[in-house]
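Report on the structure given below.
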There are 2 protein chains.
Amino acid sequence: MTRGTGRGAGSAAVRSVDVARLAGVSQKTVSRVFNDEPYVSADVRRRVLDAAERLGYRRNNAARALASGRTHSIGVVTLGTALYGPASLLMGVERVVRDTGYALRVVNTMEGDPAGVAGAMDSLLDQGVDGIVISEPIDEQGHGGELSLRLDVPVLVIAAPPSVTAPMVLTAGGGVDLMARTATEHLLDLGHLTVHHLAGPQRWYAARDRMKGWQAALTAQGRDIPPVVVGDWSAASGYEAGRQLAEDGGVTAVFAANDDMAIGLIRALTEAGRRVPEDVSVVGFDDIPVAAYVTPPLTTVRQPFDAVAQEGLKRLVHAIENPQAEPLPPSGPTVDLIVRASTVPPPSSRKTPARGRRTASRAPTLPDGGPSADR
Amino acid sequence: MTRGTGRGAGSAAVRSVDVARLAGVSQKTVSRVFNDEPYVSADVRRRVLDAAERLGYRRNNAARALASGRTHSIGVVTLGTALYGPASLLMGVERVVRDTGYALRVVNTMEGDPAGVAGAMDSLLDQGVDGIVISEPIDEQGHGGELSLRLDVPVLVIAAPPSVTAPMVLTAGGGVDLMARTATEHLLDLGHLTVHHLAGPQRWYAARDRMKGWQAALTAQGRDIPPVVVGDWSAASGYEAGRQLAEDGGVTAVFAANDDMAIGLIRALTEAGRRVPEDVSVVGFDDIPVAAYVTPPLTTVRQPFDAVAQEGLKRLVHAIENPQAEPLPPSGPTVDLIVRASTVPPPSSRKTPARGRRTASRAPTLPDGGPSADR
DNA sequence: GTGAAAGCGCTAACAC
DNA sequence: GTGTTAGCGCTTTCAC
């Protein structure tokens, strides 16, 4: 009836004793074979395997976990959303976890969920996991940082500050600010005097990191830092932002914190009569699948989700299996800027054939980032 | 060091006996309290809860599963992809599963994975789950249909034929063909003589269902069935298809099997000098978040992922907890066509200065479904 | 190399 | 209403 993990007496499930009996060995030997322990003769091993095969034996994980204290599973806490970034990262994690031989337990949090991350981790601990991956892109409301939950398994925090207390805390997926900086510099290198920023919701680490990188790029070159427009990752919010930015004739380049917003932004700009890229250059972030096919094809930054997941998990599993050992060192971030058609030099530098020269139709260049034309 | 599910002797983990001792009751009573069993006096219940709280007690799930034969978890087999459809469905499932009080175990399959769905289910069975959700949008290579794996837990198959053998097999998420049919009829109703179809990869059920719906709509009205162009869901493949279709002057309406392909298609059409929607109307499928913000805003069909997940899981949990009972009946599909600006009557019926007259390329009216209608 | 005994922490059945 | 007694199917420890 029900699957045979037991259920009282008279269960139909095949147990290791059954295999042992058929193979003519002790139950312990069966256990040895299935755990790849040494000291089992080749002959015995094959007899056991045959018997198991014939009986359709499969180990009972509950019993294993009970006896050993290890579940061979890893839990992941993630935000329940189909947004490209988080979803891609989760896929990466799932793929990799399976390769490591661990099972995956997923718990979603939801924006506005009162229990939130702490609740999710609690439920994971409840289920019993050997390690936890926190891929939670947003801050808890009202949290200063530290999660108060006391953990006793290693934790891998992806793309966020390591705000937990655990026997071992690893991080992965940093370097987002560097990517944002590169995107901004690309615009600056094209000759734009400054770059506007359409940011993501500030509760998201990713949004803040991207903003930081943008600022850093501008600051490093002594440029103006124009006011930030904040969106909510959606194309709709990008569209709204675009209507605002279109009114400011001084805007020649925008770095949007994700591709969806960039697409909405471009639409609003176009509707307002500001051509992209001729009048305004736009850079996105993520490189979503359609990015190359919208009009104009979007220049954007690709995030290395799989690489981050792979490296992080490798280090987490290492920590699980070698509790005493030094954690494996992280590797540096890589930046992957994809230049397409949505970015070109600013109108001013394209006026006359002499392309480096800026004729300054407006906003004469002031030596060191003086007040600019925009608002 | 390791979490205290017990690890031999000397474990630091709090056990139910410890709670019992502190509360001055028997261990079984603690068990009763935590299982919400009746016949525990309010007074005892509170004492137990207090003691548990003080000790930081948490039930050991491995022991529970071993003793009861139930893991209180549900497994889901899904294709490892960040594609909007599958990812959204998975999110829906996760959300709902958690609400039901079950834990979720996810196993991804990968296109081209030799083990495939059978392997995934096997691993789930190995882990021990009380029920399985198969949200696997594609056929196994070389499989006629039936998966040979013998299951002994109830199964919910989403958006696919019920090709497994299990004590109870439920399905959910049908009606995709109806949605496709509605999309096609929308185009026909606008006056197009026929509708071309940009299909998804034929290994996907969803692709075949959408094609069937398209055919049904055409057949029902006695229209020509033009040759199908097949893509791979990506905007890139839509672009390729668009180049092909652009050469055929007779094409006035295309139903694309998903929004990504529709976007690529529109781009190719536009580049080839065929305006959308003036020359060619395009309908997509999915209603991805950017659909309302591309140019032109895309008419599409929204899939009720959450509703499907919710209803399916409700029925699965019912089947798990009432093995003997009749399965809950499924409810009918709903169709949600979102009409935006990418579809208009064909050129022939707009000969005279109707509204489609293209005066300006910018600031087109956004009929309903424009930015504000997004959600 | 292999086996016997002793739990892991809980739930199930039944007694009181 | 509550306690007692047996396992669930493994891993662990230690003996041989």
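To find a chain, count down the sequence lines: A is the first, B the second, and so on, and within it residues start at 1. Any value given below was found using the heavy atoms of this structure, including those in side chains, with hydrogens, waters and symmetry copies removed.
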To the nearest angstrom, how far is [X] atom [atom1] from [N] atom [atom2]?
X        : N      : atom1 : atom2 : answer
B/Asp18  : C/dG9  : CG    : P     : 9 Å
A/Arg21  : C/dT2  : CZ    : P     : 19 Å
A/Lys28  : C/dG3  : NZ    : C1'   : 10 Å
A/Glu37  : C/dG3  : CD    : C1'   : 13 Å
A/Arg64  : C/dG9  : CZ    : C1'   : 18 Å
B/Leu66  : C/dT11 : CG    : C1'   : 10 Å
A/Arg46  : C/dG1  : CZ    : C1'   : 18 Å
A/Asp126 : C/dC10 : CG    : P     : 11 Å

Check every atom of C/dC10, D/dT2, C/dA4 against the side chain of B/Val44 and return the nucleotide holding the closest atom. D/dT2
Using a 4.0 Å heavy-atom cut-off, does A/Phe34 contact any base of the nucleic acid, only the sugar-phosphate backbone, or nothing at all? nothing
Using a heavy-atom cut-off of 4.0 Å across all strands, would you classify B/Val25 as base, sugar-phosphate, or nothing? sugar-phosphate
Given that B/Ala63 and B/Pro38 both sit by DNA chain D, which one's nearest nucleotide is further toward the 5' end? B/Pro38
Taking for each residue the nucleotide of DNA chain C with the nearest heavy atom, is it A/Tyr39 or B/Val17 whose nucleotide lies nearer the 5' end? A/Tyr39
Starting at the 5' end of DNA chain C, which residue's closest nucleotide do you reach first, A/Gly24 or B/Gln27? A/Gly24
Do the side-chain N or O atoms of [X] get closer than 4.0 angstrom to the phosphate oxygens (OP1, OP2) of [N]?
X       : N      : answer
A/Ser16 : D/dG9  : no
B/Thr29 : D/dG3  : yes
B/Ser26 : D/dG3  : yes
A/Asn61 : D/dC10 : no
A/Ser31 : D/dT11 : yes
A/Ser41 : C/dT2  : yes
A/Asn60 : D/dC8  : no

Might you point out which heavy atoms bring B/Gly92 and B/Asp306 nearest each other, and give the distance in Å? CA-OD1, 3.9 Å
Using every non-hydrogen atom in the two residues, find where A/Ala166 and A/Val153 come nearest and quote the distance to one decimal. CB-O, 3.6 Å
Any donor and acceptor pair, going by atom type alone, linking the side chain of [X] with main-chain N or O of [Y] inside 3.5 Å?
X       : Y        : answer
B/Arg15 : B/Asn60  : no
A/Arg70 : A/Asp130 : no
B/Thr71 : B/Gly128 : yes

Identified side chain to side chain donor-acceptor pair (under 3.5 Å) partner of B/Asp43 from the options B/Arg47, B/Arg46, B/Arg45: B/Arg47
With a 3.5 Å cut-off and heavy atoms only, can you find an N or O donor on one side and an acceptor on the other between the side chain of A/Arg32 and the base of C/dG3? yes
